[in-house]
Structure formats: structure tokens, C-alpha cells
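In this text the structure is predicted, and so the values were computed from the model without any measurement. Values reported hereafter were calculated over all heavy atoms of this structure, with side chains retained and with hydrogens, waters and symmetry mates removed.
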Amino acid sequence: MSIVVTGATGALGRLVVDALLATVPAGEVVAVVRDKEKAAALAARGVELRIADYDRPESLAGAFRPGDRVLLISGSEVGKRVAQHTSVIDAAKAAGVAQLAYTGVLGGPDADFTLADEHKATERLILDSGLPYTFLRNGWYTENYTANLALVLEHRAVLANAGEGRVASATRADYAAAAAAVLTGDGHLNTAYELSGDTAWSLAEYAALLSELTGEEIPYKNVPAAAHQEVLVGAGLPEGFAAILVDVDEAIGRGRLAGTSGDLARLIGRPTTPLAETVRAALPAA
């Protein structure tokens, strides 16, 4: 039996492998990757590589073994993910894996925003497969905000269409630690976890935090959805992706990413990483 992480060279996948290697011997960990060279650092740490591609179902035939515990990290290509995930699920079922964990979205079947659609469809496919499952319904990543800090600091404003909505975000490392916990522990089969940070914060509070840490006046500007879409496209985002982000902001305004179930902290055995800590680390050095 091995613990298998798909998409292991991605931003989340690498952190899951790191968390696993802190818990189990490297010989028990398998990374499913598209590019062997990109995964050289994992191989150097003793992780077994299995080469496969979500877009090539035939390549997945050798990705899994009977009894494996598998983490399906959702694909990043919106619009293609249901087909990609179907290929992984079919291969996992054919191999007879012991567990298929999946990184979905907070709220699961109740999530009512566009970005959730493919996650909900994937959960249904996994349930229909009959495989023992664990649904890791990840909330918003704090890094979704800190990755754009340069632009925020340049324009000295946090721009969104989320109104007064709150976000219970956590870091990728927090979510990765939860994935490692359910892959190495017992009692997680046929269970769904609603994963989010311990504290929900508003974008006005985020802007105030940035102002405090930088010494600059950085307000939160709530704008209409159409105006936000225009700004994002003007910044170089594809229209379709910009529309998804605008739709997520609308969902934040409805409270859809504000839930604080406590599942994440319980799984990782510690409080989730505070917003201020992540922001402080992401700010450019003075």
C-alpha cells in the first residue's frame, strides 16, 4: 500500500508531499506527475514517481495499485476538470484503491457559485464509483489574496465586489496538512470535511491590516460586479477567469466562504495560520 498524490508538482501537491514526508517514510509516498524532470526534487527525496496525465486516460492505468490511498488534487483548468477527474476516478476504481480523497470546495453540494460546479460533479462521480472516499472541501486560500499584493500596493486599494462578506481563509500549507492527516490516519473514510480558517475576516479588515503593516492608507473599494470584471480583464486576466473571480466575490458577499466549522484545525491538530502572519510574510522587504 502506498500513499499516492496526484498533481504532486503543483502548489498544493508539493506541500502535501512535504507534510507526508514529515510523517511517513519516503518509500510509502508516490507522486503522480506529468513531467519527470519537474519532479526530480521529489525523486531525490525518495518519493516514487508515476508518470501520468489527467488528459490521457490510458496513462493513468499504471498510476494506482490495489490498496493505495489516493489524493486526487483537482485540476486547474476550469471547464476541463470533470473529464479529467473522471479519468482518475475510473483508473482508481479499476485498480481497487482503498481510499480516494478529493480536494473540493467549501459547502460541497450546497455551494452555489460557478467555481463549485465541477467540484460538485466530481463528488457525485466519486459517490457513484462506490470507492471509499474522503471529501476535503477546501475554503478560500489566503494566498489568493497575498499573491496579488504587488498590484494592491501599487494602486493602494483593495478592489472587490464582495460587499461586507467575510472569508474564512487558510493557507495552502494548512490544507495540505489536513490532506496528509486523512491519508495517514484512520476513521476518515466516507466522510466529508468542511475546511476553512478559524476566523472569518472582511475585505475592509484586510485593507486595514495592509494599512497597518505598510504604513500606507489602503482602503477597501467595493465596486459593482461589471466594474470589477472590467478591471480584472484590463489587468490581463482572460474574460472567463475574470468572470469566475467576480462570481466568487458575489458568493463571498452571500457568506458562502465564511463558514468556520473547525474541521481544519481539528484535522491538523493546531490553529489555522492567522491572516496577519501570511500577509506579513508576503509583503516585500522594506
Side-chain angles (χ1 to χ4, degrees), residues 1-104 118-119 121-136 138 172 175-186 188-191:
M1 185 276 290
S2 296
I3 300 172
V4 183
V5 180
T6 72
T9 55
L12 179 62
R14 284 185 180 275
L15 292 172
V16 174
V17 173
D18 287 344
L20 288 170
L21 293 178
T23 306
V24 300
E28 295 181 14
V29 181
V30 174
V32 174
V33 299
R34 290 183 295 182
D35 187 334
K36 185 176 181 180
E37 291 185 4
K38 191 175 178 182
L42 298 179
R45 298 171 72 185
V47 174
E48 178 188 346
L49 303 184
R50 296 178 188 168
I51 310 303
D53 189 330
Y54 290 177
D55 289 319
R56 294 192 296 116
E58 70 281 1
S59 72
L60 289 158
F64 312 118
R65 309 282 190 271
D68 281 350
R69 293 185 171 193
V70 177
L71 174 65
L72 168 54
I73 293 180
S74 59
S76 60
E77 298 173 277
V78 177
K80 297 178 64 176
R81 293 190 288 187
V82 174
Q84 291 173 336
H85 298 167
T86 297
S87 297
V88 177
I89 295 163
D90 289 347
K93 183 175 182 179
V97 306
Q99 177 187 22
L100 182 60
Y102 173 66
T103 59
E118 290 173 306
H119 291 302
T122 299
E123 285 195 4
R124 288 193 295 269
L125 289 167
I126 292 172
L127 291 173
D128 290 344
S129 76
L131 286 167
Y133 67 88
T134 308
F135 292 150
L136 300 166
N138 291 349
R172 282 193 180 88
Y175 293 116
V182 304
L183 291 166
T184 57
D186 297 320
H188 303 297
L189 296 184
N190 302 325
T191 301

Item to complete: Can you sort out the partners of Lys36 under salt bridge (Lys or Arg N to Asp or Glu O under 4.0 Å), two or more places apart, ordered by chain and number?
Response: none
Fill in: For Phe64, ring pair (Phe, Tyr, Trp, His ring centres under 6.0 Å) partners two or more places apart
none
Item to complete: Would you mind listing every salt bridge (charged side-chain N to carboxylate O under 4.0 Å, His left out) that reaches into residues 71-82, with sequence neighbours excluded?
Response: Asp55-Lys80, Glu77-Lys80, Arg81-Glu118
Worksheet, complete the sentence: Hits for side chain to side chain contact (heavy atoms under 4.5 Å, CB included) against Ala31, two or more places apart or cross-chain, chain-then-number order -> Ala8, Val33, Leu42, Val47, Leu49
Item to complete: Determine which pairs satisfy side chain to side chain donor-acceptor pair (under 3.5 Å) with at least one residue from residues 88-100, sequence neighbours left out, and list them in order.
Response: Gln99-Thr134
Item to complete: Using a cut-off of 6.0 Å, state whether more than 12 heavy atoms not belonging to Glu37 lie near its atom CD.
Response: no
Discussion item. According to ring pair (Phe, Tyr, Trp, His ring centres under 6.0 Å), who are the partners of Tyr54, at least two apart in sequence or on a separate chain?
Written reply: none
Discussion item. Show every side chain to side chain donor-acceptor pair (under 3.5 Å) that has at least one partner inside residues 8-30, sequence neighbours left out.
Written reply: Asp18-Arg45
Worksheet item: Say you draw a straight line from CG of Leu131 to CD1 of Ile126; how long is it, rounded to the nearest 0.5 Å?
Response: 8.0 Å
Discussion item. Considering only residues two or more places apart or on different chains, which pairs with a residue in residues 80-103 satisfy ring pair (Phe, Tyr, Trp, His ring centres under 6.0 Å)?
Written reply: His85-Tyr102, Tyr102-His119
Worksheet entry | Contacts of Arg34 that satisfy side chain to side chain contact (heavy atoms under 4.5 Å, CB included) - sequence neighbours left out | Asp53
Worksheet item: Looking at residues at least two apart in the chain, or sitting in another chain, which of them share a side chain to side chain contact (heavy atoms under 4.5 Å, CB included) with Ala98?
Response: none
Practice prompt. Supply the atom-to-atom distance Leu72 CG to Leu136 CG, rounded to the nearest 0.5 angstrom.
Written response: 10.5 Å
Discussion item. Please list all pairs meeting side chain to side chain donor-acceptor pair (under 3.5 Å) that have one or both residues in residues 63-72, counting only residues at least two apart or in different chains.
Written reply: Arg50-Asp68, Arg69-Asp186
Worksheet, complete the sentence: By side chain to side chain contact (heavy atoms under 4.5 Å, CB included), Ala176 pairs with (sequence neighbours left out) Leu12, Leu15, Val16
